[in-house]
Amino acid sequence: MTYEQLEVNTEISLKEKTEDGRNSRKIQYTIVSKYPHMCIVEDRKGRRRGVAVGELIMNKVIKQNTYLEALRGERRTCNKKKSWHKKGTKQEAEYAP
């Protein structure tokens, strides 16, 4: 499901870290409203907070469009074969006189 397909009043679960910062727990939220780059969610106690699209992607609630997912998969396979930065490829900067 992409962000465009995500509808208001949909139940989702997001990971949140506890107060000590070591453990995480999943909390159920309901989507209250949607904006172009974020949405407002509400938990069962009535507390609301804003959630960015990136957080929804990281929690695997939504996926990016197929083109961006293909790029992501391509990058993952590329990094396994060789290192991202090669030694000795740094070029000298050319400055204008």
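Any value given below was found using the heavy atoms of this structure, including those in side chains, with hydrogens, waters and symmetry copies removed.
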| remark: Here the gap from Leu68 atom CG to Leu71 atom CG, rounded to the nearest 0.5 Å, amounts to 6.0 Å
| task | Give every residue pair that meets the salt bridge (charged side-chain N to carboxylate O under 4.0 Å, His left out) criterion with at least one member in residues 9-19, sequence neighbours excluded. | result | Glu16-Arg49
| Spatial distance of atom SG (Cys39) from atom CD (Glu55) [nearest 0.5 Å] | 9.0 Å
| request: Could you grab the distance from atom CD of Gln64 to atom OG1 of Thr66, nearest 0.5 Å is fine? | output: 10.5 Å
| Looking only at heavy atoms, which two atoms of Ala52 and Met38 are closest? And how far apart? | CA-CB, 4.1 Å
| Under the side-chain hydrogen bond (donor to acceptor under 3.5 Å, both in side chains) rule, what pairs show up with a residue in residues 34-44, not counting sequence neighbours? | Asp43-Arg47
| field | Ile12: hydrophobic cluster co-members (side-chain, 4.5 Å) | value | Met1, Tyr3, Leu6, Leu14, Ile27, Tyr29, Ile31, Val41, Val51, Val53, Leu56, Ile57, Val61, Ile62
